[in-house]
Amino acid sequence: MESLGVLLTFPMNPYLEEELSKRCKLFRLWESPTPEARRDFVRANAGSIRAVVGNATVGADSDTIDLLPGLEIVASFSVGLDKVDLAKCREKGIRVTNTPDVLTEDVADLAIGLAISTMRRICESDRYVRAGKWKSHGDYKLTTKFSGKTVGILGLGRIGSAIAKRAEAFGCPISYYSRSQKPDTGYKYYSNVLDLAANCQVLVVACPLTEETRHIINREVIDALGPKGVLINIGRGPHVDEPELVKALVEGRLGGAGLDVYEHEPHVPEELFALENVVLLPHVGSGTWETRKAMADLVLGNLEAHVLNKPLLTPVV
Ligand code: NAP
């Protein structure tokens, strides 16, 4: 792959960066400090760049693709492709790959962890102990049980199914809404997210971010979930109308929220910091050593397959 010029958009993984720098001609986009400097950098190296490696933070948008006439492949270090202009890639015959399956378990584990942490107030009671309040104020107050609660899954795909399987082990009845019905699962299907929200106690967002799913969790859905309901978002921040979520939590119209993703990362609404029924994570769904290494190997494998004219490992386009 020595002749392959690769634009790495973000410092996403040291192992991936090192391997790319050993095996290819690597261009590090983030080292240019401003949007103008990044555009100049891409323009200046456009003749050499044939591949873009992006992630859930910085992908390959329309402007970047337009600056790269020699672009052949976008290999994303993520399963979600909302930061890649897929339509433009299709139009220009640029190949696209992602990292499905290898991260499914971690994201599903985290979704269950978020649900239990939110309902059992694990983070809040940890803070209670650290602040010395157990000694000064006595026992921590009672919380809400997770086992047996109805779990509604928005997007019963790879991650959604892995969450369902885990929740089943906690004795939770499963319901879901996806574009298509999955009769083999035996789970209850709702044909829209509003009915799903009205009929579950924990709603987990696990679908891809598209124009159809942007703000799919709006005020109406939040109110259907209600003051005893809990929202878990391990999908993407813009799935949720964030100001409406914050209002509902502050006003007590929603029971709680466990969030790994936000509308304007890394910005997290400060109103949430004071709420004890909220658990806030910094977009770490796939963030384990094991999974990030597997994702990096998949990116490298896809680039290698492309260069060797072999079938891509995980093609999207
Ligand atoms: P997947 O296997 O493609 O599953 C996506 C599911 O969403 C499918 O069941 C699909 O329905 C459903 N869906 C798609 N569009 C929909 C719509 N308009 N309305 C309702 N449902 C819709 O994807 P995955 O591997 O499970 O990943 C799902 C998402 O998780 C990714 O796109 C990414 O955004 C997010 N993610 C987040 C993290 C994190 O760090 N927090 C990590 C990895 C992934 P059909 O089955 O009917 O097609």
Side-chain angles (χ1 to χ4, degrees), residues 10 12-13 54-59 76-84 86 96-115 117 151-167 174-185 187 189-197 200 203-218 221 231-240 257-263 265-266 268 279-292 294-296 298-299 314-317:
F10 196 79
M12 55 198 84
N13 181 262
N55 71 348
T57 307
V58 186
S76 191
F77 184 73
S78 67
V79 68
L81 291 164
D82 44 285
K83 290 281 165 67
V84 178
L86 288 176
V96 178
T97 64
N98 63 347
T99 61
D101 298 315
V102 293
L103 45 64
T104 296
E105 291 177 343
D106 273 353
V107 185
D109 290 353
L110 201 81
I112 298 294
L114 269 174
S117 306
V151 173
I153 297 177
L154 169 52
L156 197 71
R158 288 172 292 245
I159 295 171
S161 303
I163 295 167
K165 190 173 149 196
R166 283 156 175 72
I174 309 295
S175 50
Y176 70 101
Y177 162 59
S178 268
R179 284 175 304 192
S180 59
Q181 208 164 338
K182 329 272 180 203
D184 295 346
T185 60
Y187 303 147
Y189 175 71
Y190 289 96
S191 61
N192 62 80
V193 68
L194 195 56
D195 287 345
L196 177 69
C200 70
L203 179 63
V204 186
V205 183
C207 60
L209 178 63
T210 62
E211 277 320 303
E212 281 168 28
T213 62
R214 188 173 294 274
H215 283 194
I216 192 166
I217 306 296
N218 55 21
V221 172
L231 179 73
I232 303 299
N233 190 4
I234 49 80
R236 289 284 184 262
H239 282 131
V240 178
L259 308 173
D260 186 40
V261 288
Y262 308 86
E263 238 186 317
E265 295 174 7
V268 178
V279 175
L280 305 169
L281 302 182
H283 199 152
V284 290
S286 65
T288 65
W289 290 109
E290 297 90 337
T291 291
R292 290 287 166 86
M295 290 165 67
L298 207 41
V299 168
T314 48
V316 178
V317 173

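Counting convention: from 1, in listed order, for ligands and their atoms alike. If you're wondering where the values come from, they're calculated on a predicted model, not measured in any experiment.
Contacts of S161 classified as side chain to side chain contact (heavy atoms under 4.5 Å, CB included), with partners at least two apart in sequence or in another chain: L156. With sequence neighbours left out, D106 forms a salt bridge (charged side-chain N to carboxylate O under 4.0 Å, His left out) with no residue at all. A search for salt bridge (charged side-chain N to carboxylate O under 4.0 Å, His left out) contacts involving E212 returns nothing, not counting sequence neighbours.
The 4.0 Å heavy-atom shell around ligand 1 contains residues V79, G80, L103, V107, G155, L156, G157, R158, I159, Y177, S178, R179, S180, K182, A206, C207, P208, E212, T213, I234, G235, R236, D260, V261, H283, G285, S286, ordered by chain and number.
Under a 3.5 Å cut-off, the side chain of T291 and the backbone N or O of L103 do not form any donor-acceptor pair. Checking side-chain atoms of Y187 against main-chain N and O of I153 turns up no donor-acceptor pair under 3.5 Å.
What you find for P238 and Y262 is that their closest heavy atoms are CD-O, 4.1 Å.
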